[in-house]
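These notes are about the structure you will find just below.
Lettering follows sequence order; numbering is per chain, from 1.
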Protein chains: 2
Amino acid sequence: MTITENTFTGEFNYTLDSKGRLNIPSKFRSALSPENDGNFVITKGMDRCVVAYPVVEWQSRVEAGLRELSSTSQRNRLFVRSVTRYATTVRLDGQGRIQLTPYLKDYACLDRDVRIIGVVNKIEIWNPDDLENIEELSLEDFDDLSDIVIL
Amino acid sequence: MTITENTFTGEFNYTLDSKGRLNIPSKFRSALSPENDGNFVITKGMDRCVVAYPVVEWQSRVEAGLRELSSTSQRNRLFVRSVTRYATTVRLDGQGRIQLTPYLKDYACLDRDVRIIGVVNKIEIWNPDDLENIEELSLEDFDDLSDIVIL
DNA sequence: TAAGATTGTGGGTAGAAGTGGGTAAAAAAC
DNA sequence: GTTTTTTACCCACTTCTACCCACAATCTTA
């Protein structure tokens with residue numbers, strides 16, 4: 001089984017400690033640790049959150065996608081830069097924690113309380129307030145999309 | 001026989017114990033335990049209930065669909081998040097019980113008394129009072145739909 | 001009907017998970 | 001080259017979880 005088949009789900013509340021360390025849910029660690037070097041890549045997410053990919057996910061999906069983007073349009077160039085320049089490979093410490101970069105901590109307004117959610121092939125790290133304030137999907141939209149994913 | 005052919009039916013009353021554990025009807029356990037890792041996925045249901053899918057159900061219906069969705073549109077991102085963040089893989093303990101997450105327990109207003117019903121390919125977990133109220137509302141539609149599904 | 005098996009419920013406990021802090025090595029600054 | 005800051009590793013403590021055993025009530029079967 002490849003690591004890309006692993007799916008991250010669930011929601012977890014943690015706190016950044018005084019040293020700026022962030023715990024990673026133990027349910028997610030197994031997808032990161034053994035054959036996957038215990039490393040993953042953190043960078044800027046879409047809606048003011050921090051995203052974390054297992055390195056294989058990052059390489060196959062993100063890097064591959066970024067390579068496809070034509071760099072003739074300035075819009076694309078800006079996008080590719082903003083994704084890659086803030087991307088950092090991080091490693092779990094002995095207790096399963098990571099260290100966020102100052103930029104990402106600032107970008108996602110992470111102070112002390114942090115909410116981590118699993119989103120299929122990646123992990124998202126949020127300020128709890130921001131996550132709550134994200135506009136909920138309208139019911140019509142939800143129903144439309146539920147045709148694709150039958151609940 | 002594949003697990004997807006299994007159909008859940010019936011209604012059962014249980015109680016959440018002091019540790020927050022919830023018994024799963026023994027009639028449902030056989031569809032979950034042996035070849036299916038004993039795991040299933042619990043998440044938010046449509047009408048303030050908690051739904052539980054056997055993992056294979058979840059993977060074939062939900063995961064497969066979610067992976068197809070492009071995350072470039074915010075609408076899609078909201079949808080994927082709203083599905084995965086509340087989903088948790090749980091395992092039956094030796095006595096056939098599961099542990100609900102605090103969020104889902106709160107969402108479905110589950111305190112002590114709990115009603116579990118089988119709904120074809122999934123299980124629904126309800127506050128008994130909520131379930132009764134829903135039933136009353138849908139009574140007038142029952143006859144209409146009975147034309148399609150002949151009982 | 002009696003005996004055994006199954007099921008629902010409760011609780012103890014070892015180990016895991018989350019959190020905090022000390023310290024030495026490494027990096028950066030002076 | 002020395003000092004200061006930062007990082008990473010280690011250990012410690014608390015809380016929580018999962019596993020185990022127990023037992024009464026119900027169901028099954030001989």
Side-chain angles (χ1 to χ4, degrees), chain A residues 8-34 37-42 52 86-106 110-118 123 125-128, chain B residues 8-34 36-42 50 52 55 87-106 110-118 123 125-128:
Chain A
F8 299 109
T9 61
E11 176 170 318
F12 306 85
N13 290 309
Y14 293 109
T15 54
L16 286 174
D17 66 18
S18 56
K19 293 184 179 181
R21 293 175 297 193
L22 175 64
N23 199 27
I24 297 296
S26 65
K27 287 197 175 185
F28 294 169
R29 287 180 211 152
S30 58
L32 304 168
S33 260
D37 319 313
N39 292 339
F40 52 111
V41 177
I42 57 173
Y86 302 114
T88 313
T89 301
V90 292
R91 177 190 302 269
L92 296 171
D93 73 6
Q95 275 62 30
R97 295 171 292 195
I98 61 168
Q99 192 93 27
L100 295 175
T101 65
Y103 176 85
L104 291 176
K105 209 155 58 174
D106 186 61
L110 301 178
D111 181 28
R112 185 177 160 77
D113 292 324
V114 168
R115 187 162 295 164
I116 299 179
I117 62 179
I123 299 166
I125 301 166
W126 287 83
N127 177 316
Chain B
F8 299 109
T9 59
E11 175 169 316
F12 307 85
N13 290 307
Y14 293 109
T15 55
L16 286 174
D17 68 18
S18 57
K19 291 184 179 181
R21 294 175 296 193
L22 174 64
N23 198 26
I24 297 297
S26 64
K27 289 194 176 184
F28 294 169
R29 286 181 211 153
S30 59
L32 304 169
S33 258
N36 193 21
D37 318 313
N39 292 339
F40 52 111
V41 177
I42 56 173
V50 175
V55 275
T88 312
T89 301
V90 293
R91 177 191 303 269
L92 296 171
D93 73 6
Q95 276 61 31
R97 294 171 292 194
I98 61 168
Q99 191 94 27
L100 295 175
T101 65
Y103 178 85
L104 291 175
K105 209 156 57 175
D106 187 61
L110 302 178
D111 181 28
R112 185 176 160 77
D113 292 324
V114 168
R115 187 161 297 162
I116 298 180
I117 61 179
I123 300 166
I125 301 166
W126 287 84
N127 178 315

- prompt: Is B:Thr15 near enough to C:dG8 that one of its side-chain N or O atoms lies under 4.0 angstrom from OP1 or OP2?
  reply: no
message: With a 4.0 Å limit, can you tell me whether A:Tyr14 has a side-chain N or O closer than that to the phosphate oxygens OP1/OP2 of C:dG18?
response: yes
For [X] and [N], what is the distance between atoms [atom1] and [atom2] respectively, to the nearest whole Å?
X	N	atom1	atom2	answer
A:Leu22	C:dG20	CG	C1'	15 Å
B:Ile24	C:dT9	CD1	P	12 Å
A:Arg29	C:dA17	CZ	P	6 Å
A:Asn23	C:dG20	CG	P	10 Å
B:Ile98	C:dG8	CD1	C1'	15 Å

How close do [X] and [Y] get, heavy atom to heavy atom, and via which atoms?
X	Y	answer
A:Pro128	A:Asp113	CD-O, 3.2 Å
B:Gln95	B:Asn23	O-OD1, 3.7 Å
A:Arg21	A:Asp17	NE-OD2, 2.8 Å
A:Val90	A:Gln99	CG1-O, 3.9 Å
B:Asp111	B:Leu16	O-CD1, 3.3 Å

- prompt: Which of these nucleotides, C:dT7, C:dG18, C:dG10, is closest to any side-chain atom of A:Ser26?
  reply: C:dG18
- prompt: If you measure from CD1 on A:Ile117 to CD on A:Glu11, what distance do you get to the nearest 0.5 Å?
  reply: 6.5 Å
- request: Assign a letter to each nucleotide of nucleotides 5-17 of chain D from its 5' end: B, base within under 4.0 Å of a protein heavy atom; S, sugar-phosphate only; -, no contact.
  value: ---BBBBB-----
- request: Among A:Phe40, A:Phe12, A:Tyr14, find the residue that satisfies the side-chain contact (heavy atoms from CB on, under 4.5 Å) test when tested with A:Ile24.
  value: A:Phe40
Protein-nucleotides 25-27 of chain D N/O pairs under 3.5 Å:
none

field: side-chain contact (heavy atoms from CB on, under 4.5 Å) assessment of A:Leu104 paired with A:Ile42
entry: CA-CA 9 Å; A:Leu104 291 176; A:Ile42 57 173; 3.8 Å; yes
query: Should the ring pair A:Tyr86 and A:Tyr103 be called parallel, tilted or perpendicular, given that the plane angle runs from 0 to 90° and is split at 30 and 60?
result: parallel
